[in-house]
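Working notes, structure below.
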2 protein chains.
Amino acid sequence: MTILLSQEIDRTSYEPAYAQLVNILQASMATGVFKPGAQLPSEAQLCEHYKVSPMTVRRVINILLDRGLVTTAQGRGTFVKGVDIGEAVFHLSGLKEQIESTDRAQVQLLEARIVEAPERVARKLELSPVDWTIFVRRLLLQDGTPVSYHRAYLIYDPRRPIVEGELEVTSLEGLIHGNGQTDLQSGCLSIEAVTLKEEEAAILSMGQGDPAFLIDHTFYDFQDRPVSWGWFIWRADRLKLSATIGNRPPQDQQSAMKDSRRWTGEDHE
Amino acid sequence: MTILLSQEIDRTSYEPAYAQLVNILQASMATGVFKPGAQLPSEAQLCEHYKVSPMTVRRVINILLDRGLVTTAQGRGTFVKGVDIGEAVFHLSGLKEQIESTDRAQVQLLEARIVEAPERVARKLELSPVDWTIFVRRLLLQDGTPVSYHRAYLIYDPRRPIVEGELEVTSLEGLIHGNGQTDLQSGCLSIEAVTLKEEEAAILSMGQGDPAFLIDHTFYDFQDRPVSWGWFIWRADRLKLSATIGNRPPQDQQSAMKDSRRWTGEDHE
DNA sequence: AAGTGGTCTAGACCACTAT
DNA sequence: TAGTGGTCTAGACCACTTT
């Protein structure tokens, strides 16, 4: 296996050696020089061919590894992976952009009051049903039109002074922009497809029964105790989840996304 | 900043030093020793304190970096990140498991025939409308009940012998299990929330207007030419997208997911 | 000038897999 | 035994930011 890969590392370039080698190998796989299942040159060979140290090659392999492009087997070698739909990873794009631009986006507080935790909420937040929670309803608008209806329960516990921080965080600006130092440690999200109920449809200016995303979220503090639970009802036409699998060279990405509104024509009879 | 982190590296452990250090730092952030916004000890300090080489510390920081737990600023330091909902990443779990178990899952070919590419398909596949495509309809069942209805167009071009491979790949087993060496290079997916049309509802044994996921996919060959386009209609109750953000120590993960069927009770009046 | 992250070297040793 | 991936060292040099 003395496959010679034409290019070589440009030591004068601003781009570090490891990045150049990643690109070379990724491009080689992308153009089919190394097809799925094939074995890559060994690390020693790569060292010698590209005149870089073992540590640098190792780093390169690690990068390809967690980009999901190769697999490694100790004692056997490094092998090119094929595309695998199960590895698709969807980024919550749109959501971030939609709220980040404060000029076009706007949050409307519909309601905020202290209530006893309903049984279901108490379970979620690991409370007893007599404990108090803050129930919040919000509407997220963009360019004046509503895109998401948010409801959440926050723990209200005088012994935990955290609450103020939570309120701020769950104020969306904090949630999305995030970087602000909060007292939240982690969160757990899930997405479902649902149809709008009457109240939701009215608030979102849509029709009852229209499709929407339901984004469920639970946040935890530094003791890993749940501090809030809630869910967004997000207009389906305002949220896009996208993913690429396999060796997709960084380019358009969304060119394949445009014109993806649902086909209303007949689906072949 | 001479914060002493109690633990130390166990050189006799099976767990490599870098992994131990990752865990120590991640746990420190998880328990609030380093709160969001705070600065981590410098790499030199970490080297000295834990008696490891600079390269090892560097590796550790890189891991925390692409886990999204810290940010680095050259010349300034390494800082703890807060939770950021926009960074949520959803894995297509369920889909993989659902199809991987061939004993419980089953694919039913409903139709496969050669057709002229409809205008929309021709655009997607970069063909002229007179070109031919293979139109395929499939039903994916699990335990005998239908969970997903799949329709796809594959390029049919005598000059491109690839087609056979595509057919095999798009035969789902290949797509999901993946590892088989295919002639596909990459794919581009997107997810929408939709409601079932009459035909879809009938095929999936659901009601018209019920919520569902629409998973749109395009696959590309090694020349980066699109070779197939299609979409799954996936029963909403059979697909779960989950994500965690922030510093979530690897544990339950799905314990917060169970009992997440939609609340049918009144949402506080 | 001092401190920080970022890259890189030229080896070493180990564990594993093949022959 | 030879070849492979996996870990780790003890330095070096650079670019950047702060004081």
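So you know, we letter chains A, B, ... as the sequences are listed, proteins then strands, and number each from 1.
For the pair E15(B) CD and dA15(C) C1', the computed distance is 17 Å after rounding to whole Å. Between L46(B) atom CG and dT9(D) atom C1' there is a gap of 17 Å when expressed in whole angstrom units. A straight line from OH of Y50(A) to C1' of dT9(C) spans 19 Å, rounded to a whole angstrom. For the pair E48(A) CD and dT4(D) C1', the interatomic distance rounds to 16 Å; values are reported in whole Å. The nearest whole Å value for the distance from the CG atom in D10(B) to the P atom in dC8(D) is 12 Å. Between L40(A) atom CG and dG3(D) atom P there is a gap of 19 Å when expressed in whole angstrom units. Atom P of nucleotide dT7(C) and atom CG of N62(B) are separated by 7 Å, given to the nearest angstrom. Counting to the nearest Å, the P atom of dC8(D) and the CD1 atom of I9(B) are 9 Å from each other.
The phosphate of dC8(D) has neither OP1 nor OP2 within less than 4.0 Å of any side-chain N or O from Y18(B). Regarding contacts with the backbone of dT4(C), a side-chain N or O of S42(B) is found under 4.0 angstrom from either OP1 or OP2.
Relative ring orientation between H150(A) and F232(A) is described as parallel, the plane-to-plane angle staying below 30° on a 0-90° scale split at 30° and 60°.
Applying the side chain to side chain contact (heavy atoms under 4.5 Å, CB included) rule to R76(B) yields the partners A73(B), F79(B); only residues at least two apart in sequence or on another chain are considered. In this structure P16(B) satisfies the side chain to side chain contact (heavy atoms under 4.5 Å, CB included) test together with Y18(B), A19(B), sequence neighbours excluded. Qualifying side chain to side chain contact (heavy atoms under 4.5 Å, CB included) partners for S53(B), counting only residues two or more places apart in sequence or in other chains: M55(B), T56(B). Under the side chain to side chain contact (heavy atoms under 4.5 Å, CB included) criterion, Q20(A) pairs with I9(A), D10(A), S13(A), E15(A), not counting sequence neighbours.
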* Asked: What does nucleotides 11-19 of chain D look like as a protein-contact string, B for base, S for sugar-phosphate only, - for none, at under 4.0 angstrom between heavy atoms?
  -> B---BBSS-

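Picking from dC8(C), dT4(C), dA10(D) the nucleotide with the shortest atom distance to the side chain of P16(A) gives dC8(C). Of all nucleotides listed (dC8(C), dT7(D), dG5(D)), dT7(D) comes nearest to the side chain of R59(B). With dT9(D), dG5(C), dG5(D) as the candidates, the nucleotide lying closest to the side chain of T78(A) is dG5(D). Here the nucleotide nearest the side chain of T56(A), chosen from dT9(C), dT7(D), dG5(C), is dT9(C).
At a cut-off of 3.5 Å, with distance as the only test, a side-chain donor of N247(B) or Q26(B) sits close to an acceptor on the other residue.
Pairs passing the salt bridge (charged side-chain N to carboxylate O under 4.0 Å, His left out) check and including a residue from residues 48-57 of chain A, sequence neighbours excluded, do not occur.
The residue among A17(B) and A44(A) whose nearest nucleotide of DNA chain D is located toward the 5' end is A44(A). Position along DNA chain C of the nearest nucleotide to E43(B) versus K51(A) favours E43(B) as the more 5'-ward residue.
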